[in-house]
Structures are given as structure tokens and as C-alpha cells.
Novice: 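Quick one: structure below, then a few questions.
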Amino acid sequence: TYTFVPSEPGTVATCDLMQLPLNGTTWTSVQTAKPCPSTWAVTLPAVDGDYTTRVTLTDAAGNTSAYGESPTYSLDLTGPNAPAFTAAPSGTDNIPAVSWSWTYEPLSTGVCTLAHGGSTVATVTCDTGTFNTSLGAGDGPYTLTVRLTDQYGNVGGTTTSVVYTLDLTPPGAPVVSGPSTTSNVTTADYAIVGSVEPGATSECRLERDGAVVSDWASCVLPLTRSLSGDGSYVLKVRLTDQYGNLGPAGASPAYLLDT
């Protein structure tokens, strides 16, 4: 609504709604009213840009004044551009503390939706272009979707991050085979029975009568160990997956060396 006060009684006012489209360089008239009431209500076109109203007065003799002009009003009906992620976790790892960052229009607000396996875990405000959290819904795929709204209430596009898979589950205890009799043979052959998780590595510890002979160290099974000293020997084996999750140990049968 535009309001003006005529400078001379008895004149007829003409109102021109002027438009300067976004990124435009020329003002053009998009709506005219003659005669124009001193309070002129007008609906702006649904086009982003600057608007002003120019008013001229024409007296009874046909003389037309220079125009008076209202302050400029900027119309913004366009939502922010969809955010672009500049940092995000990806691939598979055992790190639950994660962070995402994205581009955003100044003064816009954000809504972040964290999903796990396709189900929403949390929906929170995120106005600073960054979202930090510790993933607590368990192992599996996570994504973050961000939607921006500008300061005038225009809702923009949404962007969903790449998938990040959390793996905090260690391998199970391996089944370890080995000799289980009493003998005077001073070597023992050990192996893992069954399959091992792809990418997992193994560590071994040899014990005699419950005491450590050689502590945890990297090993590749099957293997042959030399034994020194009579007693009951057990080889313990544990696995670590490719993401650093350490599993419980499995133990071979007890082998009694008697020389």
C-alpha cells in the first residue's frame, strides 16, 4: 500500500508501479492507475526485484508535475540455493563422532535431518552451516539432509550427504584348532577353523600352564610354534577388523608337552 499527499488541491493523480527485476538495469512501469487514490493498494508481480511507485499530479489546466517517488521495496520470493556439502564423513569407519559442513545463504536458517538406514533419527535446527553429533543408533548407514530457509521465509532446496557407514562391531572369537593330546613333540600346529571376516588381522598369545610365554603379537595362521619346557600349552587368537574393532580371543585345545 502506498500513501501520498497531493501538493495542490483539485489535481488528478497518476500512479505508476515501477519494477527493476533482479539483476536488471532498467526500471519499467508494470501497473498504472489514473486517477489514483491517495492510498493505493497494489499487488506486486511475483517477480523478484526492486519496486517503487511514482506519482504525478495533473491540474485542471492540464499541467502535469514531475513525479514523486516512494522508497524502494525489494521483493524476494526465491528460496536459498540448495546447500552443497564441503565436508562430510564417507565410506565405513568405527568413529561415531562425525561432522558435516555445507554452503548456505547469509541469514538463512537450516533444518538438519539425520537418518539411519532410511529412518529418521533426529531433526534439529542447524543455522551455522555445520552439524556435529555422535551417532548412537547403532551400526549401519547414516545420511544427513539439510534444508535452508531464507530470512524472508522462502524455503530452498534440500541436499542429502553421501552415505557414512558406522561399524563398531568387532569380529567374533575365532575357533582355533591345535593338538590336544599329551606328547613329547616340541612343535605344535595351529589354525583358525572356519572363515575370517575380510580385511581382519590376527594376533596370537602363547600360554603355558596359564602363564604368558609370548604375549600378543601379529600372527598369520595357520602357523607352527616351537615349544620349550614341559607344561600345558594354549594358543589364544584374537581378530581386529579393518576398521579397528578388536574382538574377543578364541583358544586352542590344551596340549600337554611331556619330555
Novice: Counting C-beta onward and ignoring hydrogens, is there a side-chain heavy-atom pair between Pro45 and Leu17 closer than 4.5 Å?
Specialist: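 A side-chain contact under 4.5 Å exists here.
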Novice: Kindly say whether Ala84 contributes a backbone atom to a donor-acceptor pair with the side chain of Thr103 at under 3.5 angstrom?
Specialist: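 Judged by distance alone, yes, a pair lies under 3.5 Å.
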Novice: Check the hydrophobic clustering (I, L, V, M, F, W, Y; side-chain heavy atoms under 4.5 Å; chains of links allowed) and say if Leu168 and Val98 are grouped together.
Specialist: yes
Novice: Going from CG on Leu256 to OG on Ser183, what distance comes out if it is rounded to the nearest 0.5 angstrom?
Specialist: 9.5 Å
Novice: Going through the distances and angles, do Phe4 and Cys15 end up as a side chain to side chain contact (heavy atoms under 4.5 Å, CB included)?
Specialist: CA-CA 10 Å; Phe4 61 91; Cys15 295; 3.8 Å; yes
Novice: Looking only at side-chain N and O atoms, does Ser232 offer a donor or acceptor that is under 3.5 Å from a partner on Asp209?
Specialist: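 No, Ser232 and Asp209 have no side-chain donor paired with an acceptor closer than 3.5 Å.
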Novice: Give a yes or no on whether Arg238 atom CZ has more than 12 heavy-atom contacts from other residues, nucleotides or ligands under 6.0 Å away.
Specialist: yes
Novice: Assess the residue pair Thr78 and Asn154 against the criterion (side chain to side chain contact (heavy atoms under 4.5 Å, CB included)); give the C-alpha distance rounded to whole Å, side-chain angles, the decisive distance to 0.1 Å, and a yes or no.
Specialist: CA-CA 6 Å; Thr78 304; Asn154 300 306; 5.8 Å; no
Novice: With Asp16, which of Thr56, Thr32, Thr53 fulfils side-chain hydrogen bond (donor to acceptor under 3.5 Å, both in side chains)?
Specialist: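 So, applying the side-chain hydrogen bond (donor to acceptor under 3.5 Å, both in side chains) to Asp16 and each of Thr56, Thr32, Thr53, only Thr32 qualifies.
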Novice: Contact between Asp50 and Thr52 at the side-chain level, heavy atoms closer than 4.5 Å - yes or no?
Specialist: no
Novice: Run Leu223 and Cys204 through side chain to side chain contact (heavy atoms under 4.5 Å, CB included) and show every step you take.
Specialist: CA-CA 10 Å; Leu223 58 77; Cys204 297; 4.0 Å; yes
Novice: How about CG on Asn81, more than 12 heavy atoms from neighbouring residues, nucleotides or ligands closer than 6.0 Å, or not?
Specialist: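 Not buried by this count: 12 neighbours or fewer within 6.0 Å.
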Novice: Run the side chain to side chain contact (heavy atoms under 4.5 Å, CB included) check on Trp102 and Cys126 step by step: do they pass?
Specialist: CA-CA 11 Å; Trp102 57 87; Cys126 48; 3.8 Å; yes
Novice: By the definition side-chain hydrogen bond (donor to acceptor under 3.5 Å, both in side chains), identify the one residue from Thr145, Thr143, Thr113 that meets it with Thr160.
Specialist: Thr145
Novice: In Å, rounded to the nearest 0.5 Å, how long is the span from CG of Asp48 to CG of Asp76?
Specialist: 5.0 Å
Novice: I'd like to check Met18 versus Tyr67 (side-chain heavy atoms, cut-off strictly below 4.5 Å). Are they in contact?
Specialist: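 Met18 vs Tyr67: side chains apart.
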Novice: Side chains of Ser228 and Val213, heavy atoms from C-beta outward: is any pair under 4.5 Å?
Specialist: no
Novice: With a 4.5 Å limit on heavy-atom distance, are the side chains of Ser214 and Arg225 in contact?
Specialist: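 Heavy-atom side-chain distance check passes, below 4.5 Å.
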Novice: Determine whether Leu227 and Tyr255 make a side-chain contact, defined as any pair of heavy atoms from C-beta on separated by less than 4.5 Å.
Specialist: yes
Novice: Is there a side-chain contact between Leu144 and Tyr164 (heavy atoms, below 4.5 Å)?
Specialist: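 A side-chain contact under 4.5 Å is absent here.
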Novice: Please work out whether the ring planes of His116 and Tyr142 are parallel, tilted or perpendicular, with thresholds of 30° and 60°.
Specialist: tilted
Novice: Does any N or O in the side chain of Asp59 come within less than 3.5 Å of the main-chain N or O of Thr11, such that one atom is a donor and the other an acceptor?
Specialist: no
